[in-house]
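Accompanying notes for the structure given below.
Remember, it's a predicted structure, so these values are computed and weren't measured experimentally.
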Amino acid sequence: MKQQTNTRRRGKKAAIAAAAVILAAGVGSAYYIRTNVYADSEQQTNYREYDVSKGNITVGISESGTASVGRSYTTFPVSAEIEEVYVKTGSKVKNGDKIAKLNTDDIDKIKSQYEKKISDAEAELNTAIADRTTKLAEARKTYDTSINEAGSAEDVYGLSLEKIQNDISDAGKNIENLKKQLNENEKLLETYPDDFKKYSEYESKYNEYSDTYEEYSNIYAGYEKVLKEYEKELTALNDEYNEYIDSVSEDQSKIKELKENIDKTKEAYEAAVEKYDSAQQEANDTAHQDTGSDNGSSSETSTAQKNLKSASTEKDKAYNAYTEAESEYKKYISLEKTLEMHIENHELKISKQQDKVDEYKEMMEEYSEMMSDFQKEMDKHKVEFDEYKSDFTDIYGNLDEEDIKDKIESLKAEIENAEYDLENLEINKSSSEFSALQKKQDAEFAAQNADTVYSQTAAKLDKDIADKQEEYDTLCQEYDELTENMGDGVYLYADCDGQVASVNVSEGDTIMENQIVTTLTNSSEIYVSAAVSESDISSLSVGQETQVVFSAYENMTFEGEIDTIAVEPARSSGSVSYTVTVKVQAEGYDIREGMTADITFLQKQAANVLYTNINAITFRDGVSYVTVYDENRNTVEKQVTTGFSDGRYVEITSGVSAGDKVLAEIALSENNRRS
């Protein structure tokens, strides 16, 4: 396992295109220029002498940073006992040196854990292979985005300029709108007291209506409650009456039956009397006829007498039945009167209760009509109130007088701020336009580097697979070596060249799973981290070349490349920067944690070219010249062809050779001091 430590920014050293690192060919240190001033006594012309050298002209961003050294931690995947320790803090080690020896009594457990790690490493390798397709697709998408953004950069730039102008225009319109609002609110403040007074009168009157109607409603509810009690009592009386009727129904049926029997026997008796009277009359008539007749019929008289006797018998029988029926009925006369009295009492109670119910219903109906009339008046006022309230709300919303005053003060402050913002927009118009131009250039630069970024991403993914494959192969190799060399013992080895930073165990200690036994510095992993401002970060990319000079090795320049660029910003005192970490090629040098260094992020470089100071070049009619001495020490002009320049040094592609001297005119003060 390797660990990298980043430290805080030391401060920006130079701006873009203002720093140049010039390296002489075949020499790893800074160039040397001899400077002389000559005074020609006749012409009084003074010159400074510059060398024509061979090396690199570089343009980039320079930052100060702090070094961190990779860490390697010696661990073991299982718990084991330390039998021997072979190193101390500060010891130098080589890759493969023995660090410690383990007690192998529990070798089966060690083997089992190794097998598990091999299985996990194989799974990670398979995942990395699967991820490559997805991440390459994402990189391609980023590539396409960069190309598309570059294609639209000119349009975006034009839109940005238009937006800057629109922002200024909108700011002016905003001020006009705020002033309009201020004027409206000042008018509202004038009219609010009278309008609110009228609103309050409407509301107060409506509240009076509402309170009175509520009182009426409460009274009506009281009536309704009493009516429900009366109806409840009426229902109870009816139920009681029906229960009583049910309980005496048999007696009533009996009495009815007896009365019907009396009526029946009475009718039979009256019919028998009538028949008897008829038979009596017939017998009398027959007897009279027999007395006056000479030869009367005794047989008719006998029949009449028989009929009379039969009629008399029936009459007596009918009478007896009638008197017997009356006798039976008399037994129930008292009960009948009692039943009639109870029924009358029940019906009287029901009638009185029904009268009370009807009376309350009538009273409630009258009261309801009164409430309805009152509600109509209240609703009429409510309509007027709602109309006024709607108009009032349309004008004032939810604001009261204090709110309007606060709004006026707020608008005055907003107008002041808006005027300040407009002033700033107008002042910053040029810088905003420059920023838009910079973004356009950044998009074009990103498109130029899109192929490189995509290739670097693919290379990184391939490297990740290779690393996972290497880890898997290493574990398999370690396992094979473990099983093959168990007879000689189990050892922990250094996995890099470096120094022992710390030893965390002693002989006889028992280490836990993956416990750090020693920490080693890895001399092949030297990093320098620096903070790069937000204005510069877009010009950097992972893999970009750098040159690093350590304070401990001032005369040496080390090659490097950007390893990581932070996505999250680091803010300090209002500025925004991003941590950029550079991996430095410094094997064999004693680079230690925390050493300071200067980094130049290369943006453009002319490598291994002839160059000289730009002051020595004269440009005339589109042609470049240098001034040199001829064999007689006279100055002559010589035509040259120039190339790339960093603003201080310029490439010369033809006309001079390395080691030549070129001259630049200089001015002297009145006292002939050298400049």
Side-chain angles (χ1 to χ4, degrees), residues 1-6 60-61 63 65 67-73 95 120-150 442-443 445-476 495-496 522-532 536-548 558-570 577-587 599-605:
M1 177 179 179
K2 299 178 178 62
Q3 178 174 307
Q4 186 173 308
T5 304
N6 295 327
I61 302 168
E63 299 286 352
S68 61
V69 183
R71 292 289 190 269
S72 175
Y73 300 100
N95 189 7
D120 292 343
E122 184 179 15
E124 290 183 5
L125 173 60
N126 292 333
T127 300
I129 293 171
D131 285 348
R132 184 179 185 277
T133 302
T134 302
K135 292 182 178 178
L136 270 183
E138 293 174 356
R140 171 55 65 178
K141 184 177 180 181
T142 302
Y143 170 87
D144 293 340
T145 299
S146 297
I147 298 300
N148 291 336
E149 287 180 352
D442 289 345
F445 181 78
Q448 292 171 4
N449 290 277
D451 279 327
T452 302
V453 173
Y454 178 80
S455 298
Q456 289 171 348
T457 301
K460 188 175 184 302
L461 291 170
D462 290 339
K463 183 178 181 301
D464 185 44
I465 293 174
D467 290 344
K468 293 289 192 299
Q469 182 69 56
E470 181 181 358
E471 183 178 355
Y472 172 72
D473 293 341
T474 299
L475 285 171
C476 290
D495 62 355
C496 65
N522 190 341
S523 61
S524 66
E525 293 188 359
I526 306 299
Y527 299 89
V528 177
S529 297
V532 178
D536 295 334
I537 197 67
S538 62
S539 64
L540 304 184
S541 60
V542 173
Q544 186 172 334
E545 293 182 4
T546 65
Q547 293 176 339
V548 180
F558 296 90
E559 301 297 325
E561 67 175 31
I562 295 176
D563 187 61
T564 60
I565 300 175
V567 176
E568 297 294 333
S577 60
Y578 298 82
T579 300
V580 179
T581 302
V582 172
K583 186 173 183 180
V584 185
Q585 298 175 13
E587 290 86 354
I599 310 170
T600 299
F601 299 97
L602 304 184
Q603 292 185 307
K604 188 172 182 181
Q605 177 176 263

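Across every non-hydrogen atom of T457 and A139, the tightest pair is CG2-CB, 3.6 Å. A450 and I147 make their closest contact through CB-CD1, 4.1 Å (heavy atoms, listed as atom of the first residue, atom of the second, distance). Shown here for A530 and E63, the closest heavy-atom pair between the two residues is CB-CB, 3.9 Å.
In this structure, V582 and F601 have side chains that are in contact, with non-hydrogen atoms separated by less than 4.5 Å. Looking at V548 and Q585, their side chains never come closer than 4.5 Å, going by heavy atoms from C-beta outward. Side-chain contact between V532 and Y578 is absent, with no heavy atoms from C-beta onward closer than 4.5 Å. The shortest side-chain heavy-atom distance between D144 and K141 does not fall under the 4.5 Å cut-off. In this structure, I465 and L125 have side chains that are in contact, with non-hydrogen atoms separated by less than 4.5 Å.
A salt bridge between K460 and D464 is absent, with no side-chain N of the basic residue lying under 4.0 Å from a carboxylate O of the acidic one.
No more than 12 heavy atoms of other residues, nucleotides or ligands shown are found within 6.0 angstrom of CD on E545.
Residue T145 holds its OG1 atom at 11.0 Å from CZ of R140, rounded to the nearest 0.5 Å. In this structure, CZ on F558 lies 10.0 Å from CD on E587, to the nearest 0.5 angstrom.
For the residue pair S72 and D495, a side-chain donor N or O sits within less than 3.5 Å of a side-chain acceptor on the partner.
The backbone N or O of L602 sits less than 3.5 Å from a side-chain atom of Q544, completing a donor-acceptor pair.
Only one option out of I537, V580, L540 pairs with I61 in a side chain to side chain contact (heavy atoms under 4.5 Å, CB included); it is L540.
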